[in-house]
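Take a look at the structure below.
Bear in mind the structure is a predicted one, so any value in this text is a computation, not a measurement.
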Amino acid sequence: QVTLVESGGGSVQAGGSLRLACTAPGFTSNSCAMGWYRQTAGQGREWISTISTYGTTTYKTSVKGRFTIAKDNAKNTLYLQMNSLKPEDTAMYYCAAAIRTGGACQYTYWGQGTQVTVSS
């Protein structure tokens, strides 16, 4: 059974910070990429950030400069440091692992989600 478990969500005021973590045994080293997505009620899941096997990072434009993705292979953990949080960041956050299938790196495994709520 594949298990990815998020933690670190909670309620904060605008301008505050949270650090999300995702325990993902094996995936931090063996996946071609790992990332974070978020979803609000009535909307589709949107991509937030990705970190590749080589440590290359990319971000959704709206979170650049505020969020930082990182991983610790020794601890089998993926992180998302979120600073200067805004009410529009309120969402359920999911970690995901991508594997190389047919030559493509595709997100295949997902965690159960952790709720982030930002009050104005």
Legend entry - From CA spacing to verdict: side-chain contact (heavy atoms from CB on, under 4.5 Å), Leu85, Gln13: CA-CA 8 Å; Leu85 284 163; Gln13 293 185 336; over 6 Å; no
Inset, instruction - Walk me through it: do Thr114 and Ser7 pass the test side-chain contact (heavy atoms from CB on, under 4.5 Å)? - result: CA-CA 6 Å; Thr114 186; Ser7 63; 5.6 Å; no
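A continuous path of ILVMFWY side-chain contacts below 4.5 Å connects Trp36 to Tyr109, so both sit in one hydrophobic cluster. Leu78 and Ile99 fall within the same hydrophobic cluster, where Ile, Leu, Val, Met, Phe, Trp and Tyr residues are linked whenever their side-chain heavy atoms come under 4.5 Å apart, directly or through other members. Hydrophobic clustering (side-chain heavy atoms under 4.5 Å, transitive across Ile, Leu, Val, Met, Phe, Trp, Tyr) keeps Tyr79 apart from Val63.
Contacts classified as disulfide (SG to SG under 2.5 Å) and involving residues 91-120 (residues at least two apart or in different chains) are given here: Cys22-Cys95, Cys32-Cys105. Contacts classified as salt bridge (charged side-chain N to carboxylate O under 4.0 Å, His left out) and involving residues 102-120 (residues at least two apart or in different chains) are not found.
A 4.5 Å side-chain heavy-atom check between Thr23 and Lys75 finds every atom pair outside the cut-off.
Annotation for Thr50 and Ala33: closest pair CG2-CB, 3.9 Å, computed over non-hydrogen atoms. Closest approach of Pro25 to Thr3, counting heavy atoms only: CD-O, 3.9 Å. Taking both residues in full, the closest heavy atoms of Ala14 and Ser120 are given as CB-CA, 4.3 Å, listed atom of the first, atom of the second, then distance. Of all the heavy atoms in Thr58 and Ser49, the pair that sits closest is O-OG, 2.9 Å. The two residues Asn83 and Ser17 have their closest heavy-atom pair at OD1-OG, 2.9 Å.
For the atom pair CZ of Arg38 and CE of Met92, the computed distance is 13.5 Å after rounding to the nearest 0.5 Å. Separation of atoms NZ (Lys64) and OG1 (Thr57) is listed at 10.0 Å; rounding is to 0.5 Å. Within the model, atoms CG of Asn30 and CZ of Arg100 stand 13.0 Å from one another, a figure rounded to the nearest 0.5 Å. Between the CD atom of Glu46 and the OG1 atom of Thr40 there is a distance of 7.0 Å, given to the nearest 0.5 Å. Between the CE atom in Met34 and the CG atom in Leu80 there is a gap of 12.0 Å [rounded to 0.5 Å].
Side-chain N or O atoms of Thr56 include none that pairs as donor or acceptor with a backbone N or O of Tyr54 at under 3.5 Å. A side-chain donor-acceptor contact under 3.5 Å links Tyr59 to the backbone of Ile69. Glu6 places a side-chain N or O within 3.5 Å of a backbone atom of Gln112 that can act as its donor or acceptor partner.
When each of Trp47, Tyr37, Tyr94 is tested with Tyr107 by the rule ring-ring contact (aromatic ring centres under 6.0 Å, His included), just one qualifies, namely Tyr37. Shown are Val12, Thr68, Leu18, Val118; of these, the side-chain contact (heavy atoms from CB on, under 4.5 Å) with Met82 is made only by Leu18.
Residues satisfying the salt bridge (charged side-chain N to carboxylate O under 4.0 Å, His left out) test with Arg66, not counting sequence neighbours, are Asp89.
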